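The shown structure was predicted, so the numbers you read here are calculated from the model rather than taken from an experiment. Scope of the values below: all heavy atoms of this structure, side chains included, with no hydrogens, waters or symmetry mates.
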Amino acid sequence: MTAQPKPQADNVKVFEFTARDFARVRTLIYRQAGIALAESKQEMVYSRLARRLRAKGLNSFSEYLDRLEGGRDSEEWEAFTNALTTNLTAFFREEHHFPILAEHLRKLKDPATIWCCASSTGEEPYSLAMTACEVYGSLTPPVTIVATDIDTNVLDTAAAGVYPEERVSKLARDRVKRFFQRGVGERAGFVRVRPELRRLVTFKPLNLLASAWPINGPFDAIFCRNVMIYFDKPTQSKILARFVPLMKPDGLLFAGHSENFLYACDAFKLRGKTVYELDPRHRRTGTPA
């Protein structure tokens with residue numbers, strides 16, 4: 001009997017990926033997006049970037065990284081960043097924040113402005129929009145929401161507002177009925193955010209490390225949740241300092257459940273449940289003290 005070749009193991013790497021390659025990736029993504037990749041992320045980096053090597057027809061990570069550093073493929077920088085960006089989200093994720101936002105909106109006399117600075121595939125900004133609609137009892141509340149993300153791929157998904165039905169399975173039935181349209185025919189099994197809701201949100205690409213942000217404040221609320229965990233403390237401090245002049249004096253800053261901004265910037269004080277407000281010293285001018 002002829003011996004059969006052993007099947008290739010799933011974890012066999014097609015491309016050589018050295019410690020030096022990983023170090024270069026860490027340097028480049030930090031420089032480009034401020035993301036501080038942990039040593040434990042080596043397998044994740046290989047898996048995601050190997051797809052880019054295949055797409056570009058390259059044979060090694062060193063060749064791919066040389067292209068990036070040499071600036072010979074500017075569009076690939078976007079693909080590189082998109083590949084290494086984590087997008088974990090859900091409708092009304094960290095649900096305790098939304099009643100706080102609702103209470104805040106009820107106190108406002110002027111039209112409200114909200115910035116969601118890591119919108120991912122859109123579930124968070126649409127949750128903000130639903131909250132606003134419920135507060136004002138209207139699908140056209142006096143609220144403007146700017147939703148940004150560094151990943152251009154997820155912004156396309158967010159703007160379309162189409163999701164598998166299981167994405168809304170945990171929402172109350174009345175919310176689904178009021179704010180979503182169910183697909184039929186070849187779109188069966190999907191829902192789409194109602195056009196009135198989509199019109200409340202403007203999606204834009206934005207890199208928090210960019211020297212200029214394509215947005216204008218001031219904002220009544222900034223949602224920056226589960227973003228800072230990817231940055232080191234110096235980067236966190238710089239970003240938070242740039243938030244200050246973009247906030248109204250009584251504006252609120254919402255953080256993720258595992259994030260603590262007090263150690264990164266003294267312009268904010270904790271209001272409770274990972275919600276921050278400007279320290280009184282910064283409220284008059286809206287600029288760092």
Side-chain angles (χ1 to χ4, degrees), residues 85-108 111-151 153-183 190-204 206 215 219-229 247 251-259 271-276:
T85 303
T86 300
N87 294 288
L88 178 64
T89 187
F91 288 105
F92 290 94
R93 184 184 183 193
E94 300 189 41
E95 194 170 5
H96 64 278
H97 279 158
F98 296 94
I100 297 173
L101 174 65
E103 179 186 2
H104 187 56
L105 291 177
R106 291 188 186 99
K107 295 178 181 178
L108 301 179
T113 54
I114 304 172
W115 177 22
C116 171
C117 64
S119 70
S120 187
T121 46
E123 287 90 334
E124 181 169 294
Y126 288 133
S127 298
L128 301 177
M130 284 185 264
T131 300
C133 290
E134 290 169 350
V135 167
Y136 291 96
S138 169
L139 288 175
T140 57
V143 176
T144 299
I145 300 168
V146 179
T148 63
D149 202 284
I150 192 173
D151 188 332
N153 290 333
V154 297
L155 286 176
D156 290 339
T157 299
V162 177
Y163 304 95
E165 282 189 346
E166 58 262 27
R167 299 294 289 171
V168 299
S169 61
K170 295 183 180 180
L171 296 182
R173 287 187 178 181
D174 59 331
R175 270 182 174 161
V176 176
K177 184 176 181 179
R178 184 179 185 189
F179 297 119
F180 295 88
Q181 299 167 321
R182 292 190 181 276
F190 291 85
V191 296
R192 186 172 190 180
V193 176
R194 291 187 62 90
E196 297 92 338
L197 211 65
R198 297 201 308 274
R199 283 194 285 268
L200 295 176
V201 186
T202 300
F203 291 98
K204 295 182 178 182
L206 184 144
I215 55 170
F219 294 100
D220 293 287
I222 295 178
F223 275 67
C224 184
R225 306 191 305 171
N226 307 300
V227 182
M228 294 295 190
I229 54 175
M247 296 186 67
L252 299 180
L253 175 61
F254 293 80
H257 72 279
S258 61
E259 296 171 317
R271 176 170 173 168
K273 294 184 178 181
T274 57
V275 180
Y276 296 81

CA sep, side-chain torsions, deciding dist, call: F98, Y126, ring pair (Phe, Tyr, Trp, His ring centres under 6.0 Å): CA-CA 12 Å; F98 296 94; Y126 288 133; over 10 Å; no
Stepwise side chain to side chain contact (heavy atoms under 4.5 Å, CB included) test for R178 and R194: CA-CA 8 Å; R178 184 179 185 189; R194 291 187 62 90; 5.7 Å; no
Side chain to side chain contact (heavy atoms under 4.5 Å, CB included) assessment of E103 paired with V135: CA-CA 8 Å; E103 179 186 2; V135 167; over 6 Å; no
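Ring pair F91/F180: centre-to-centre distance below 6.0 Å.
With respect to the salt-bridge test (charged N to carboxylate O, under 4.0 angstrom), the residues R175 and E134 qualify.
Atom CD of E95 is surrounded by 12 or fewer heavy atoms from other residues, nucleotides or ligands within 6.0 Å.
In this structure, V227 and A118 approach most closely via the heavy-atom pair CG2-CB, 3.2 Å. Heavy atoms only, all atoms of each residue included: P125 and V201 are closest at CB-CG1, 4.0 Å. When all heavy atoms of T89 and E123 are compared, the pair lying nearest together is CG2-OE1, 3.2 Å.
Using a 4.5 Å cut-off on side-chain heavy atoms (C-beta onward), L197 and C133 make contact.
Residue T274 forms a side chain to side chain donor-acceptor pair (under 3.5 Å) with just one option from H97, E94, E259, and that option is H97.
Under the side chain to side chain contact (heavy atoms under 4.5 Å, CB included) criterion, K273 pairs with H96, I100, sequence neighbours left out.
In this structure, F254 and F223 have parallel ring planes: the angle between them is below the 30° cut-off, well short of the 60° mark.
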